[in-house]
Amino acid sequence: MFLPKYPDSPTPPPAHTHAPTDPAPVRRSALPAVSVRTGAVVAVLTGGVVLTALLAAVAVSAISVAIAAVVLRSLLREHNRR
């Protein structure tokens with residue numbers, strides 16, 4: 001069932017093979033000069049740091065809420081058993 005199926009009569013290889021030709025030289029167009037100002041770099045870095053800090057704060061808050069929910073659930077379960 002999982003064996004490959006081979007053709008009854010395999011096709012013969014081609015009589016001639018194409019020799020690769022030399023590729024055409026790549027022409028690189030002159031790219032415009034991009035100037036990056038220090039203010040833009042500082043803004044991007046500051047934004048990245050602020051967003052990372054907010055993401056970390058959300059993650060820590062979510063973990064603490066989950067732990068509090070587990071503790072409260074176990075306390076309520078103990079209280080209901082008595």
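For the numbers below, each heavy atom of this structure counts, side chains included, while hydrogens, waters and symmetry mates do not. Throughout, numbering of the chain's residues begins at 1 and tracks the sequence.
Using a distance-only test at 3.5 Å, with no hydrogens or angles considered, no donor-acceptor pair links the side chain of Thr46 to the main chain of Ala43.
No chain of hydrophobic side-chain contacts below 4.5 Å, direct or via other Ile, Leu, Val, Met, Phe, Trp or Tyr residues, connects Val50 to Val42.
Take Val49 and apply the side-chain contact (heavy atoms from CB on, under 4.5 Å) test, not counting sequence neighbours, and it matches no residue.
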